[in-house]
Amino acid sequence: MDLPKLSPFQTLMAACVAEPDRIRFLFLEESGPEQKLSGTDILLRSLAFANGLRDLSGPGDRILLPYPAGLDFIIGFLGCLAAKRIPVPANYPKPRRPSSRYQTIADNCGATLAVSTNSTLRTLDHSEETGLSWFSAEEIEARGAPALNTAVMPDSDLEAQIAHELEQLDQSDFESSTERNETMQMPLEDILFLQYTSGSTSRPKGVMITSANLFANLRTISYGFGLDRIPREERIVGSWLPAYHDMGLVGVILSTLMHDGQAILMSPSSFLRRPGLWLESIERYRARITVAPCFGYQWAASRISETEAQKLDLSHLELAACGAEPISPAMLQHFAQRFGSAGFRTESFYPCYGLAEATLMVSGDHRGADLQRQSRTGRTPLSLHFDRAALRQHRAIEVNESEESIEVVHCGMPGLQTEIALASQESGERCDEGEIGEIVVSSPSTAPGYWNAPESTRKTFQFCFPGESKRYLRTGDMGFMCCGRLFVTGRRKELIIIAGQNFYPHDIEQTVAGSHPALRGLPAAAFAIAGDSTEQLVLVQEVPRGIEQSVCDQIIRKMRLAVASTHELAPIAILLVRPASIPRTSSGKVQRLQTCDDFRTARLKTVATWEFKALDDPQLFRDLEPLLRAGNVARVRARIEDTLLRWVAAHSGEETEFVRPDRSFAEMGLDSLLSVQLVQEFEQWLSCSISPVAIWSYPTPAQLADFLLSQVDVAKQNESRGEIVESVDKESDDGHAATLAAILDQLEQLDEADARALLDDIKE
């Protein structure tokens, strides 16, 4: 007798069924209680969500899930799987952003339903008409909860109960089935979820992940991380990765469920504001694993002092996976040095390589196998040195460290049942040993293609070597194999990765083209150069002949504002160049990599340039205590607003006359990282807690100053001033307390001791 096949939802829920009371996910808030999800919570709430979708959608419908950071996304995603709907994770909405910004993804995948939390929906701008119907997650769960037969669950076989609930869902859907999408090149039933490649706005591409892809990749992760040798109760991962990103969704959330573990989560904004929270949580919960892009390790090492690092205990952190962007040897060394006193070991680093088109992980060392060989051969070094000149000629020659060598970090061995090959850029033939080529991959984790994009699917997922029939995924990345490990040397595709987020050059260039009428029809090139902690954006734009300098200044400003407000990016440099200065192919396509090389070697024919230069303002954060003690609310607010304006001018490189109280922070050139830094520094200055999204809720200096004033307890500070005036009033024979209070208002810059001394002098 054949046993019934488990659904993907049941497979992921197996550990929760076996131990329903165990806490599977914790979400840490910077202030306030932590959120928790036990196995029972996940089961009941996911099934309630699934039931709530029945009357709103049909099997195979795509459900857009733009959730904020937290645990509710997990319920929505699993609820979609239980209901056999296709979840579509999306970047979480920021306050006061139009809901229409999700319409491009919805149009691409045919989604008509979007779900987020009630609190998020209240902050969205619904002024634009869209084809999306928005529902709150709370409402959907409430709709579906009464349909659950929860009364019998605690005393019955949970596995049987879940099977019964899923059968009821299937029966309901069968009775009211919706039309299938006849344009798809594969059955909808085979698609588990859509993973949109982050960054694209004008032409989004949804990677179709099947259940076979997902579980093959989860096996690769388990094998690579060596999870089977970690006791079940110690499989704890600490992460701040967003849930909509493939690294956070597959590498943390779904891996935790599948591999019977526990995840300690927090929001990316909390990490950016206070990276110590990430490492403190690893210490507190004794996490054995953490996963982050390279930027995260660099950010933590640069923002956490040596003194703070010495207070941590990271000795039990066994695996620190890093990937998602080029891996810098200097970054690994910086982090290891900063946290060596906390017990962090360099060998805990786990460089790996992957991409959404391969579900997630493609390569990474096989930790179990490495540990078994360690006593005999030692662990393979994280990096090797190669001849610099040879690498420029697309050849990899290993050498000893010298001025002529360059250090390259490896990304481990191919995953389970994964073949990694290198294709020549010129001929498409297989590369010989030591030859650098485009990385192509064959694996059961490789997705079947992009949603309703047959041409892009053919180009990316159906590469074949000449004379061969086997299909490979083209990654667009360049690299080579050495010592059985993959070394990534760069990107053939021109993806820009800043602070762990992907941005597509053509999206940014399209934004630039619409920023000023003079740029219409003229090409631009957006590319990235290496920075201290992450890549930095450079823009090169052709301008008409004979253009005046005043117009060039205006164009540069418009370009900065458009890119900052649309993509939340601040360019490090902008170059306006003569017509026909940007290199192009014979077919007219902009050669971004060649433009980048021309920029590095100063070969561009520039008309005007702008480079970011942070301004030093040593008197920026002046002592606020005298104003607070004086209780002069108007002066306190004016000081806060003035400090905000000076901060923006100093950190955006803008002239002070351009920085205005009524102009939005985005318009003045602040990107996401600067916004986080602003909140963090003003939080320290004002000694109060400020929400990470405050700058989005109060998007101008004037509005933010009003909010910050409300967070400062001026009345309490005014008590000390009142005590001074009262003491003077009691001791004064002529009753001039009011006059003295007025004097104190004028001398509010003095500290309390000086004020008291001055008042004593006046009394005498």
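What's counted below: heavy atoms across the whole structure, side chains too, no hydrogens, waters or symmetry copies.
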Query raised in the report: In terms of side-chain heavy atoms, does T210 have a donor or acceptor partner in N213 at a distance below 3.5 Å?
Result: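 There is such a pair between these side chains.
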**Report entry** S267 side chain to Y92 side chain, donor-acceptor N/O pair below 3.5 angstrom
**Finding:**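 On atom types as modelled, these side chains do not qualify, holding no pair under 3.5 Å.
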Is there a donor-acceptor pair closer than 3.5 Å between any side-chain N or O of [X] and the backbone N or O of [Y]?
X	Y	result
R235	H259	yes
T346	A336	no
Q195	Y244	yes
Y350	D365	yes
H410	P351	no
Q10	S7	yes
T460	T457	no
R85	I63	no
T359	S445	yes
S222	L218	no

Could you grab the distance from atom [atom1] of [X] to atom [atom2] of [Y], nearest 0.5 Å is fine?
X	Y	atom1	atom2	value
M13	S46	CE	OG	5.5 Å
Q333	R338	CD	CZ	12.5 Å
F463	S442	CZ	OG	12.0 Å
E357	D246	CD	CG	8.5 Å
T256	L265	OG1	CG	7.5 Å
S255	I289	OG	CD1	7.5 Å

Requested in this report: Quick one: do T290 and Y297 satisfy side chain to side chain contact (heavy atoms under 4.5 Å, CB included)? Show the steps, please.
Outcome: CA-CA 11 Å; T290 192; Y297 295 98; 3.6 Å; yes
Requested in this report: Show your working on side chain to side chain contact (heavy atoms under 4.5 Å, CB included) between C482 and F386 and close with a plain yes or no.
Outcome: CA-CA 11 Å; C482 180; F386 298 89; 4.3 Å; yes
Which atoms form the tightest heavy-atom contact between [X] and [Y], and what is the distance?
X	Y	result
A82	A50	CB-CB, 3.9 Å
G226	R367	N-CB, 4.0 Å
A301	F339	CA-CE1, 3.9 Å
L64	A90	CD1-CB, 4.2 Å
G412	S363	O-CB, 4.0 Å
A528	C596	O-SG, 4.1 Å

Can you tell me if [X] has over 12 outside heavy atoms packed within less than 6.0 Å of its [atom1]?
X	atom1	result
Q417	CD	no
R345	CZ	yes
E468	CD	yes

Would you check if [X] and [Y] make a side-chain contact, meaning some heavy-atom pair closer than 4.5 Å?
X	Y	result
L78	L257	yes
L227	I230	yes
V291	M247	yes
S405	N400	no
R22	R232	yes
C411	I327	yes
R286	I236	no
S424	E435	yes

Report task. Under the ring pair (Phe, Tyr, Trp, His ring centres under 6.0 Å) rule, what do F465 and Y472 come out as? Steps first, then yes or no, please. Result -> CA-CA 9 Å; F465 287 107; Y472 292 82; 5.3 Å; yes
Query - Ion pair E419/R430, N-O distance below 4.0 Å - result: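 Salt bridge present between E419 and R430.
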Report task. Identify whether the distance between the nearest side-chain nitrogen and carboxylate oxygen of R24 and D260 falls below 4.0 Å. Result ->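 Salt bridge between R24 and D260, a charged N being under 4.0 Å from a carboxylate O: yes.
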Query raised in the report: Any idea how F344 and F335 line up, ring-wise: parallel (<30°), tilted (30 to 60°), or perpendicular (>60°)?
Result: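 Geometry flag for F335 against F344: perpendicular rings.
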Query raised in the report: Parallel, tilted or perpendicular: which fits the ring planes of Y223 and H366, with parallel below 30° and perpendicular above 60°?
Result: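 Tilted.
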Query raised in the report: Would D477 and L355 count as a side chain to side chain contact (heavy atoms under 4.5 Å, CB included) if you check the C-alpha gap in whole Å, the side-chain angles of each, and the deciding distance to 0.1 Å?
Result: CA-CA 10 Å; D477 293 315; L355 63 166; 5.6 Å; no
Report task. For the pair E407 and E401, evaluate side chain to side chain contact (heavy atoms under 4.5 Å, CB included) and give the outcome as yes or no after the intermediate values. Result -> CA-CA 8 Å; E407 188 178 7; E401 182 178 0; 5.8 Å; no
